[in-house]
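Only one structure is covered here, and it is reproduced in the block below.
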Protein chains: 2
Amino acid sequence: MASSIAETITDRLTDMPAGERRAAQALIASYPMLGLKTVAEFAQRAGVSSPTILRLVARLGYQNYAEFQSALNDELAARLQSPLSRTGRARPGRDGGVAPLLSAMLENISETFRVVSAKQIGEIVTLLSDPRRKVHLVGGRFTDPIARYTTAHLAIIRPGVSHLDGQENQWRDRLIDMGKRDVLVVFDIRRYQDSLLHLAEKANARGVTIVLVTDQWLSPIARFASHVIAGRTSVPSAWDSSAALFILAEHLIAGVTERLPEQSAARIREMDALRRE
Amino acid sequence: MASSIAETITDRLTDMPAGERRAAQALIASYPMLGLKTVAEFAQRAGVSSPTILRLVARLGYQNYAEFQSALNDELAARLQSPLSRTGRARPGRDGGVAPLLSAMLENISETFRVVSAKQIGEIVTLLSDPRRKVHLVGGRFTDPIARYTTAHLAIIRPGVSHLDGQENQWRDRLIDMGKRDVLVVFDIRRYQDSLLHLAEKANARGVTIVLVTDQWLSPIARFASHVIAGRTSVPSAWDSSAALFILAEHLIAGVTERLPEQSAARIREMDALRRE
DNA sequence: CAGAAAACGTATCAAACATTACGTCGGCGA
DNA sequence: TCGCCGACGTAATGTTTGATACGTTTTCTG
């Protein structure tokens, strides 16, 4: 079976009428971009008429031109998500295969930081470094640990950092403590939790500045967030990897540490002293 | 100077109205495919109206939507021609230098997996996949979130998984429930916590199988553990990065998922059904 | 060489589309 | 508090686009 559309086309190239074959070859020559343009342009570049293009598409088994284009689109999106895996099949890896998972994670991380700019992180760090602002952190089912991790570190560097734990209805009580000066950091990936959305909505209504760390599909909370950073999460597995989000969180921690060097150093000394007793 | 459209967008992200920023972020999140679709679809996926998309495009300096799409098209075509040439944005790390931290983390991860063998992970996975064994997880001050994360995932895949939370003296009560068939997974990095050491010691005395995930300096718990995997943690900062440990944890999760495919699938379905009600 | 069938392009139409004009809401300053 | 300005969405409009019907040309067959 042909795995890519290009393969399907070359396979059936022989039993095509002359005009359609010319069109098909033109498509393959500048694949897949030509297929994403309009029928008229496709036709012109191939030196045939529009109906010939449509007949070709029909011959390939697509109901209409739009369907054909989405197929190309999907293929392209898949290829872009993993830039390393050329058109050649990714090979699901033998069972033992640790490597494919690891490389997917590394690629997620690289890709995430290709998209997220230092400036974006810097702005969030500025927010989190403001000693006058209280910082609240919370996450979803799988991301809440990342919120906790971030809290644990930030709480060392500066005062006024807290994690929203406990039951979801307890969160509402905490909302009373939040005002316009405060920051709410939310971690939320698929499947997005309604409870987090409600929380963000209410916090937003109170004027709280919301920072959202989410996946590439963007949690609906983005609607209320003034800062959004999206990490890649897809790995060859039944679940999503939060590794990129974790590393984003560590970058935020690093940023705040760097921004408040003297303060964090003093606090660390103080805490060490307290612990030693 | 911005070399890619994505960069141009992120740079100018701050001085944009809220709606356009949402659109821009949506575009970045699924770049560049979203920009190649129709205005209406772009608008819907971004949660704004069509005119907002067009205003964004105009703000970016394009005469009309078609011109904007051709620009994306050209960029995409260029990238496809040489898949290796990622949009070169190594970003020579000016002062803000996100890069050195990131590359240190990536190096930690690679180095970790150069040392940790697939066999080691496989053995631990075998332990964690044994349905007759209960699994308890716990971590230190900064690593406990990783323990929680691992718990959240394993608990979906199989029964009998629990995280040791609450105060440290509560842990002792939980020890009663642990026997020779059980597994205790401990995450512990510098500075190693005495409380964890005590817990591990007592658990070991009860015949509990101990799995230790630690840093390259090896927690003293290694003495009691039957399985030890060490991740690199050093980064150019005042604190240590747990990213490698996090990714190790995700590999354990992946391993167990793969080992118990039918069971996890069934449990996931069941849980989804419960949640839907 | 005659006839038919297939291939292809032209002309046309209806749906989808980008684009513009306009009204409304919300925030900011007087 | 009132009035102004920018941001945003709704609705209307003119254009583009994919799709189809039909006539012409080409190709194969007997």
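By convention in this document, chain letters (A, B, ...) are assigned in the order of the sequence lines, proteins followed by strands, and residues within each chain are numbered from 1.
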Under 4.0 Å from any atom of DNA chain D, heavy atoms only: list the residues of residues 32-49 of chain B that qualify, in numerical order. Val48(B), Ser49(B)
Quick one: does any side-chain atom of Lys119(A) pair with a main-chain N or O of Asp11(B) as donor and acceptor, under 3.5 Å? yes
For the residue pair His227(A) and Gln120(A), establish whether any side-chain heavy-atom pair is separated by less than 4.5 Å. no
Going by heavy atoms in the side chains, are Ile28(B) and Leu13(B) under 4.5 Å from each other? no
Can you tabulate the close N/O pairs, meaning under 3.5 Å, that link protein atoms to atoms of nucleotides 20-25 of chain D?
none

List the residues meeting side-chain contact (heavy atoms from CB on, under 4.5 Å) with Gln69(A), not counting sequence neighbours, and say none if there are none. Tyr65(A)
What residues, two or more places apart in sequence or in another chain, satisfy side-chain contact (heavy atoms from CB on, under 4.5 Å) together with Arg181(A)? Arg132(A)
Only counting residues at least two apart or in another chain, list the ones meeting ring pair (Phe, Tyr, Trp, His ring centres under 6.0 Å) with Tyr149(A). His153(A), Phe246(A)
Earliest and latest nucleotide of DNA chain C, 5' to 3', sitting under 4.0 Å from a non-hydrogen atom of chain A? dA7(C) to dT10(C)
Would you please name every residue forming a side-chain contact (heavy atoms from CB on, under 4.5 Å) with Thr38(A), sequence neighbours left out? Ala40(A), Glu41(A)
Restricting to side-chain contact (heavy atoms from CB on, under 4.5 Å), what partner residues turn up for Arg148(A), sequence neighbours left out? Asp144(A), His163(A), Asp165(A), Pro145(B), Arg148(B)
Using a distance-only test with no angle check, is there a side-chain donor-acceptor pair under 3.5 angstrom linking Asp215(A) and Thr233(A)? no
Sorted by chain and number, sequence neighbours left out, side chain to side chain donor-acceptor pair (under 3.5 Å) with Arg21(B) holds for none
Cut-off 3.5 Å, side chains only: do Ser129(A) and Arg158(A) have a donor facing an acceptor? no
Spacing of CG belonging to Leu212(A) relative to CZ belonging to Phe224(A), to within rounding of 0.5 Å: 11.5 Å
Contact list for DNA chain C against residues 60-69 of chain A - heavy-atom distance below 4.0 Å: none
Please give me every residue in residues 197-208 of chain A whose heavy atoms get under 4.0 Å of an atom in DNA chain C, ordered by residue number. none
What one should report as the nearest heavy-atom pair of Ala77(A) and Met33(B) is CB-CG, 4.0 Å
Output, in order, the C-alpha distance, side-chain angles, deciding distance and verdict of side chain to side chain contact (heavy atoms under 4.5 Å, CB included) for Phe113(A) and His251(A). CA-CA 11 Å; Phe113(A) 280 86; His251(A) 273 77; 3.4 Å; yes
Strictly by side chain to side chain donor-acceptor pair (under 3.5 Å), give each pair with a member in residues 42-51 of chain B just once, sequence neighbours left out. Ser49(B)-Thr52(B)
